[in-house]
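A short write-up of the structure that comes next.
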Protein chains: 2
Amino acid sequence: MKLEALTKNDSKKVQNKIISGIRDLINYKNLEPGEKLPSERMLSEKFGVSRSNVREAIQKLEFYGILKPMPQSGTFIANIGVTAINGMIEDILELEDPDFKSLVETRILLELKTAGLAATRRTEEDLINIRKALDAYNKKVLDGKDAVQEDLLFHLAIAKASGNSTIETLMLIITPGIITNFEKHHVCDENQVVLAMKEHEEIYKAIENQDPQLAKEKMKLHFEILYQYCYKTQLS
Amino acid sequence: MKLEALTKNDSKKVQNKIISGIRDLINYKNLEPGEKLPSERMLSEKFGVSRSNVREAIQKLEFYGILKPMPQSGTFIANIGVTAINGMIEDILELEDPDFKSLVETRILLELKTAGLAATRRTEEDLINIRKALDAYNKKVLDGKDAVQEDLLFHLAIAKASGNSTIETLMLIITPGIITNFEKHHVCDENQVVLAMKEHEEIYKAIENQDPQLAKEKMKLHFEILYQYCYKTQLS
DNA sequence: AACAATAAATTGGTTAACCAAAATACTTAA
DNA sequence: TTAAGTATTTTGGTTAACCAATTTATTGTT
């Protein structure tokens with residue numbers, strides 16, 4: 001058996017090792033919320049890894065809001081308590097790559113919400129942006145070209161119009177996974193792509209007329225086929 | 001006027017500059033999906049920033065699934081098309097820090113879903129974990145101590161039982177913002193904390209009995225007060 | 001001309017030294 | 001003893017050199 005490098009795999013292992021090490025430190029030393037983590041140099045020495053590895057792990061935990069590095073001062077533990085940090089890190093370590101089904105399920109959940117919210121809160125500017133995205137999609141489809149991206153941008157425009165920055169962020173996070181899985185599963189056939197133009201138009205109209213209930217319904221209709229593809233049952 | 005350092009602010013500006021620079025590169029050079037980005041060294045020189053700055057920006061875009069660094073080979077652009085990348089980066093650059101309202105709105109959306117899904121899909125092991133979290137919360141409350149963290153862990157246990165890894169990830173992402181804003185707004189008073197024990201119990205029972213509709217209803221009830229605090233209207 | 005072998009250049013990852021701001025320890029003056 | 005001032009240490013951030021895997025270019029052989 002060859003001694004392979006497996007650099008990418010290793011690097012993830014190293015990062016998880018550091019993250020769990022930080023968790024243990026917080027537990028063992030019982031660091032209070034708002035306290036400082038040991039310095040990056042100490043951590044790299046303690047865990048036997050490079051300082052850049054430590055910095056990467058810290059950046060990841062920073063993304064999840066657990067740590068906050070302060071220049072020339074130290075990295076501070078978020079003021080959310082030891083118990084929460086333990087639970088969160090435990091979950092973060094176990095996080096697996098999202099499967100297509102869970103992506104779709106989540107996307108539909110978010111999209112139905114954004115459709116309703118956008119209908120309620122959309123500004124005139126939002127409307128213009130959605131219209132632009134819609135036209136771009138139609139043009140691509142009528143030219144017989146692939147329009148997966150334009151489709152996504154139409155939906156992201158609605159997300160932005162929802163006035164909920166958190167949902168918008170979450171939509172962005174799941175979007176790449178959606179696109180790559182779409183292409184992998186060959187979800188979009190010719191009929192659906194053309195049908196979607198009409199569905200999009202109806203969604204747009206509902207948002208324009210500020211009818212949340214209708215916008216939600218039309219969005220649900222729009223996702224019916226995709227949902228059935230994943231779950232073999234109707235979208236309730 | 002003093003020439004202040006503003007290191008933290010600057011570093012964000014630098015990162016955005018790099019990210020938009022990368023976007024422009026992709027547009028201008030019209031890099032096809034799956035192609036390589038210019039090397040980190042070239043980018044750092046082109047943008048007049050350090051290579052570590054470039055690496056950080058790349059790591060951020062990696063998180064959003066737009067870039068994928070390959071050791072000793074290059075950083076590859078996700079196979080999601082130029083248009084989608086443009087739209088996504090545009091949004092990422094404009095992303096603002098989540099406000100409390102949007103956090104709560106999103107949390108309720110996710111929690112109602114996880115409650116229903118957990119009721120349908122929970123395993124025996126899930127049930128045990130939820131029970132544990134529930135007991136931990138009760139103990140803290142009965143001891144008259146703060147139990148915000150234990151509360152969150154109860155809800156995260158339900159999220160895990162939902163069997164939807166994507167939603168679980170999203171819950172984790174919004175959790176720190178929730179906790180810090182909770183403390184800022186002093187949302188939890190004594191009455192609610194005690195009342196929550198009963199509500200939690202009912203949610204648990206519904207999940208145990210695999211009654212999705214009831215679980216969702218009980219969860220909605222559980223969030224009623226918080227929602228009214230944010231929006232001054234009833235949770236529809 | 002085509003292909004295999006080899007050498008050079010390029011790549012992301014890693015390491016270690018350095019920087020300026022910040023925190024701490026120490027000294028000094030009242 | 002206390003408070004102010006100063007020197008030292010510690011900190012995250014930055015830089016540049018280095019590493020090994022990879023890719024590309026070159027050379028050599030048939």
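Chain A is the first sequence line, chain B the second, and so forth, proteins listed ahead of strands; every chain is numbered from 1. The structure displayed is predicted, hence computed values, not measured ones.
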Using atom CE of Met70(B) as one end and atom P of dT23(D) as the other, report the distance to the nearest whole Å.
10 Å
So, is Ser73(A) near the phosphate of dT11(D), with a side-chain N or O under 4.0 Å from OP1 or OP2?
no
With a sphere of 6.0 Å drawn around CD of Glu45(B), does it hold more than 12 non-hydrogen atoms of other residues, nucleotides or ligands?
no
Given atom CZ of Arg41(A) and atom C1' of dA17(C), what is their separation to the nearest angstrom?
10 Å
Round to a whole Å and report the spacing from CD1 of Ile18(B) to C1' of dG13(D).
14 Å
On DNA chain D, does the nearest nucleotide to Lys36(A) precede the nearest nucleotide to Glu56(B) from the 5' side, or the other way round? Give the residue.
Lys36(A)
Give a yes-or-no answer on whether the side chains of Asn164(B) and Thr106(A) include a donor-acceptor pair shorter than 3.5 Å.
yes
Phosphate-side-chain proximity, Arg55(A) and dG13(D), N/O vs OP1/OP2 below 4.0 Å
yes
Whole angstroms only, please: what is the CZ-C1' distance between Arg51(B) and dC19(D)?
11 Å
Rounded to whole angstrom units, what separation is found between the CD1 atom of Ile58(A) and the P atom of dG12(D)?
7 Å
Using only heavy-atom distances, determine whether the side chains of His200(B) and Asp151(B) contain a donor-acceptor pair under 3.5 Å.
yes
Pick base, sugar-phosphate or nothing for Ser52(B), based on heavy-atom distances below 4.0 Å to the nucleic acid.
base
Rounded to whole angstrom units, what separation is found between the CG atom of Leu61(A) and the P atom of dG12(D)?
14 Å
As a test of reading the structure: which of dG12(C), dG13(D), dT11(D) is closest to the side chain of Ser39(A), going by heavy atoms?
dT11(D)
Taken to the nearest whole Å, CD/Gln59(A) to P/dG12(D) is 14 Å
Quickly work out the Gln72(B) CD to dT11(C) P distance and round it to whole Å.
12 Å
Using a 6.0 Å cut-off, check whether atom CD of Gln228(B) has over 12 heavy atoms from anything other than its own residue.
yes
Side-chain donor/acceptor of Tyr231(B) to backbone N/O of Leu226(B), under 3.5 Å:
no
Within the structure, does a side-chain N or O atom of Ser50(A) lie under 4.0 Å from either OP1 or OP2 of dG13(C)?
no
